[in-house]
Structure formats: C-alpha cells, structure tokens
Visitor: 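Quick one: the structure is below, and I'll ask about it shortly.
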Amino acid sequence: MIILGIETSCDETSAAVVSVNETSQEILLLSNVTASSLTLHAKTGGIIPEIAAREQIKYILPVIQEALRSTPGVDAQTIDAIAVTYGPGLIGSLLVGVETARTLSYLWNKPLIPVNHLYGHIYANWLTTNGQGPKTIDFPALALVVSGGHTDLVLMKSHKKLEVVGSTRDDAAGEAFDKTGRLLGLAYPAGSVIARLSEKGNPKAYQLPRPMHNSGDFDFSFSGLKTAVLREVKSLGKPTDKQITDLCASIQQAIVDILVKKTLDAAKKYNTKSILLGGGVAANKKLRDTLSEKSELSAVNCQLFVPEAEYCTDNAAMIAAAAYFQKKEIPWQEFTADPELYYE
Ligand code: KG4
Ligand code: ZN
C-alpha cells in the first residue's frame, strides 16, 4: 500500500510517500520533502499565521510534486490513499493541506484519510528507513508527546485505545524552551538553540524550579520555570555569554528532569512495555540520552523508541504512518479542518 502524506499544521509544508507492507506492517519511508517559512518568523518571536499560510499556498504543489518525483515508480496513479493533517493547528495553515488533499482525492479518485497531528507525532516511531525491517512496538505503550503546543503522556493499550494520562496545565515543553529563550534574547524557536548552547554550559549553575515534580500525578506545569528565568535575567542585568550558556543548560536540565521523572513514573504505574517519544522537543539530545540511560528504564522492563530527529519535528512521513494504523477514510465532500482537535 502506497500512502501520500501531507502536513501543513504550523509553519511547515511537507509531503511524504510511504510504502506499507501489510503482512509485516513495516512502514517504509520512500520520500519526505519539507519546506519551512521559519526564517520569516525567527525575528518576531513566534509564527505569524497569515504569513505562514501564504507561504504554504506557494509551497504545497511543488512539495507534493517533489515527494512523488523523488520516489521512482510512484505517481498519482500508483498511490493508494492520501493522508492529511486536519488538526490541531493554525486554521489557515491546516486549510492549505486539507483543501489540497480534498482536491487531489476528487481528481485522482483516491481515498482520503484525515490524520490527527498529535497521533502523527506518536506514529513517527513506526517509520522505518531502508533495511531496518518492521518496528515491533509492544503494547501497552506510553507516548510522551512534547511539541510547541503540547505536552501529553498518552497510554496506548492498542492502536485503537488511547488514553491521555497527563498533560500540561499551562505552557507546553516546547513553549517553555521558546519563551525562556526569548527572555535570553535567542531567536525563535529557541529549543534547538538552547540545546546547542547548553553543551558549553553548567546545568547546575542556576537553581531553577521543577514545578509539579512530586505532584503525584502525571500533569506538567512550566509557567513557574519561565517566571524563575525572568527573575534571574532581571537580576543579571545584561547577562554575559557564559551566564547565558549556564542559564540555557540549567533550563534544559530542569525541563528534562520533569519530563523524564513523569514519564518513568507513568511507565511504572501502567506497567508499559514500550516508551515512545514524539514531537519537536523529542529531538532534544539531552532528553533522549537521559531517558535511555536511566536505570529505571531497565527496571520497568521498557523498551525506548525515539524517531530520528528530523521526524520528531513536523513532517508528513509521520502523518502517512499514522494514517495506515488509524485507517479512517472520509469522503472528500464531508471533510474539513479542526484547529482545536485533541486526542479522540
Ligand atoms: O513538533 P514541532 O515541530 O511543532 C509543533 O507541533 O509544535 O515542535 C516544535 C517545538 C518548538 O517549541 C521547538 O523549540 C522545539 O520543538 N524543539 C526543541 C528542539 N528542536 C525543536 N526543543 C528542545 N530541543 C530541541 N533540540
Ligand atoms: Zn508538531
């Protein structure tokens, strides 16, 4: 089965082709092409929705054409389904992908599969690239979805049974990186910049809070961390480069500590066999390394799955993968975007 995936929920315009072996359930990635308008937003401290959507209108057809062109033997006739993100996200951006997918479904007479972006981040873990063989992920699995808009712990008893067991009460983990980065004068999105600067910094230099660390549930809160960083920045006046790298390392350490503790506690409580990371923050090396090193991981007998960094941030390959397992076709006439979508 060949699936064309389309993702346009935020600033990215992405198209991908995957080939599914329906016997082994291997989701083999054949092509993934992504254009981003991020450089246009870097100075403004956040995405400007209207600019993102206008850029996406320009990119969408060339990106789809390139995804098909770079996959030998695959064209409009040979694909079996079109999968597209229909939420959550920015409405103007979502509509670019949704309306393109509806039109192609009608023109090419192909089934249309709506995909929840959050499920996409989870299903990035099922993607394989050449030669790896199918991914065997045992249930129950616990997914930590950490992106610019979400921080969720999702218990998966099967592909059809998902339950949110924890989520953020205020800022998302990615937002915590982005907002504290902004206080330090770093460009948006600051997550990867903080990660890079942290390599030279001392994670113990500043005593930052770990909100809700011992709350006994699996919810998160990051707004207190932002306030604490604001206080530090104000007291420093104009921070030196050394103070900035130390603050970056301390911020990253605080966020990673909270995410790792809650994830391992939830894995223990629900006796999960697998832990899956997903979302832009899952690209963070410190988070990936800390979780894989933690001795508790072997104590709870869990296997850790982490997508390659480029499939943690927004991409269409993960949307095509999620479409195969979720398999919910919809007639193009009845399909629309849902910017407020959460887990069904
Ligand atoms: O999943 P994503 O690409 O888009 C959303 O669905 O939101 O996630 C974007 C978020 C941003 O907040 C960005 O700062 C963060 O992921 N991010 C990172 C890293 N790379 C991206 N955060 C920490 N470390 C990174 N290496
Ligand atoms: Zn995302």
Side-chain angles (χ1 to χ4, degrees), residues 5-14 16 32 34-38 41-42 45-47 49 52 85-90 93-94 97 115-125 143-152 154 167-168 171-184 186-199 201 203 220 222 225-226 248-260 276-291 306-319 321-322 339 341-343:
I6 299 172
E7 154 67 42
T8 63
S9 66
C10 192
D11 63 288
E12 277 94 358
T13 309
S14 185
N32 185 61
T34 304
S36 168
S37 61
L38 211 51
H41 310 283
I47 307 286
T85 303
Y86 73 111
L90 304 170
S93 296
L94 288 167
V115 176
N116 181 325
H117 180 81
L118 300 169
Y119 285 56
H121 278 308
I122 295 175
Y123 279 97
N125 287 287
L144 174 68
V145 179
V146 268
S147 68
H150 290 84
T151 302
D152 303 313
V154 182
S167 68
T168 182
D171 293 344
E175 237 176 327
F177 275 107
D178 297 338
K179 289 182 174 172
T180 54
R182 191 176 187 178
L183 295 173
L184 299 178
L186 306 177
Y188 175 87
S192 55
V193 186
I194 290 182
R196 184 167 43 79
L197 294 177
S198 295
E199 287 169 20
F220 302 87
F222 292 102
L225 178 63
K226 188 179 58 191
C248 283
S250 304
I251 292 165
Q252 175 175 265
Q253 189 66 56
I255 296 172
V256 167
D257 281 353
I258 299 164
L259 295 175
V260 168
L276 319 177
L277 293 192
V281 180
N284 186 276
K285 193 170 177 308
K286 181 89 184 171
L287 174 64
R288 299 155 80 99
D289 290 351
T290 310
L291 257 181
V306 190
E308 286 172 36
E310 72 177 289
Y311 305 115
C312 290
T313 47
D314 292 347
N315 68 86
M318 68 184 196
I319 301 305
L341 188 67
Y342 196 46
Y343 299 87

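Note that ligands are numbered from 1 as they come in the structure, with each ligand's atoms numbered from 1 the same way. Position 1 is the first residue of the sequence; numbering continues from there.
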Visitor: Rounded to the nearest 0.5 Å, how far does CD1 of I251 lie from CG of L184?
Guide: 5.0 Å
Visitor: I need the D11 CG to H41 NE2 distance, nearest 0.5 Å.
Guide: 5.5 Å
Visitor: Does G149 come within less than 4.0 angstrom of ligand 1, counting non-hydrogen atoms of the residue?
Guide: yes
Visitor: How many angstroms lie between atom CG of L118 and atom CG of L341, to the nearest 0.5 angstrom?
Guide: 7.0 Å
Visitor: With a 4.0 Å heavy-atom cut-off (strictly under), which part of K285 contacts ligand 1: side chain, backbone, both or neither?
Guide: neither
Visitor: Could I get the full list of side chain to side chain contact (heavy atoms under 4.5 Å, CB included) partners for T34, not counting sequence neighbours?
Guide: E12, S14, N32
Visitor: Is any side-chain heavy atom of P339 closer than 4.5 Å to one of P88?
Guide: no
Visitor: Identify each donor-acceptor pair in which a side-chain atom of residues 281-289 lies under 3.5 Å from a protein atom, sequence neighbours left out, and give them as a table.
Guide:
residue: N284; atom: OD1; partner: K286; partner atom: N; Å: 3.1
residue: N284; atom: OD1; partner: L287; partner atom: N; Å: 3.0
residue: N284; atom: ND2; partner: Q252; partner atom: OE1; Å: 3.0
residue: K285; atom: NZ; partner: D289; partner atom: OD2; Å: 2.7
residue: K286; atom: NZ; partner: Q253; partner atom: OE1; Å: 3.4
residue: R288; atom: NH1; partner: A282; partner atom: O; Å: 2.8
residue: R288; atom: NH1; partner: P307; partner atom: O; Å: 3.2
residue: R288; atom: NH2; partner: P307; partner atom: O; Å: 2.9

Visitor: Could you measure the distance from the CG atom of D152 to the CG atom of L144? Nearest 0.5 Å is fine.
Guide: 8.5 Å
Visitor: To check you understand the geometry: which heavy-atom pair defines the closest contact between V115 and A322, and what is its length?
Guide: CG1-CB, 3.7 Å
Visitor: When you look for heavy atoms under 4.0 Å from ligand 1, do you find them on the side chain of Q252, its backbone, both, or neither?
Guide: neither
Visitor: Which heavy atom of C312 sits nearest a heavy atom of N315, and at what distance?
Guide: N-ND2, 4.4 Å
Visitor: Can you tell me which residue and heavy atom of the protein come closest to atom 20 (N) of ligand 1, and the distance to 0.1 Å?
Guide: G280 O, 3.4 Å
Visitor: Write out the residue and atom name of the closest protein heavy atom to atom 9 (C) of ligand 1, then the distance separating them to 0.1 Å.
Guide: G148 N, 3.8 Å
Visitor: Among all protein non-hydrogen atoms, which one is nearest to atom 24 (N) of ligand 1, and what is the separation to 0.1 Å?
Guide: N284 ND2, 3.0 Å
Visitor: Using every non-hydrogen atom in the two residues, find where G97 and I6 come nearest and quote the distance to one decimal.
Guide: CA-CG2, 4.1 Å
Visitor: Could you list which atoms of ligand 1 come closer than 4.0 Å to a heavy atom of G174?
Guide: 12 (O)
Visitor: Output the distance between atom CG (L225) and atom CZ (F177), rounded to the nearest 0.5 Å.
Guide: 9.0 Å
Visitor: Checking a contact table here: which protein heavy atom is nearest atom 2 (P) of ligand 1, and how many Å away?
Guide: D314 OD1, 3.4 Å
Visitor: Can you find an N or O of T313 that's nearer than 3.5 Å to an N or O of ligand 1?
Guide: no
Visitor: Just by distance, do the side chain of H121 and the backbone of S147 share a donor-acceptor pair under 3.5 Å?
Guide: no
Visitor: Indicate yes or no: does an N/O atom of G279 lie under 3.5 Å from an N/O atom of ligand 1?
Guide: no
Visitor: Return the number of protein N, O or S atoms with a distance to the Zn ion (ligand 2) smaller than 2.8 Å.
Guide: 3
Visitor: How far does CG of D314 sit from OG of S36, to the nearest 0.5 angstrom?
Guide: 9.5 Å
Visitor: Using the test side chain to side chain contact (heavy atoms under 4.5 Å, CB included), find all partners of D178 that sit at least two apart in sequence or belong to another chain.
Guide: Y188, P189, A190
Visitor: Hey, does H121 sit under 4.0 Å from ligand 1 if you only count heavy atoms?
Guide: yes
Visitor: At less than 4.0 angstrom from any non-hydrogen atom of F177, what atoms of ligand 1 do you find?
Guide: 22 (N), 23 (C)
Visitor: So for ligand 1, is P189 a polar contact partner (N or O within less than 3.5 Å, distance only)?
Guide: no
Visitor: Is there a polar contact, in the sense of an N or O pair closer than 3.5 Å, between A195 and ligand 1?
Guide: no
Visitor: Nearest protein heavy atom to atom 22 (N) of ligand 1, by residue and atom, and its distance?
Guide: G191 CA, 3.4 Å
Visitor: Record the part of D178 in heavy-atom contact with ligand 1 below 4.0 Å; permitted values are side chain, backbone, both and neither.
Guide: side chain
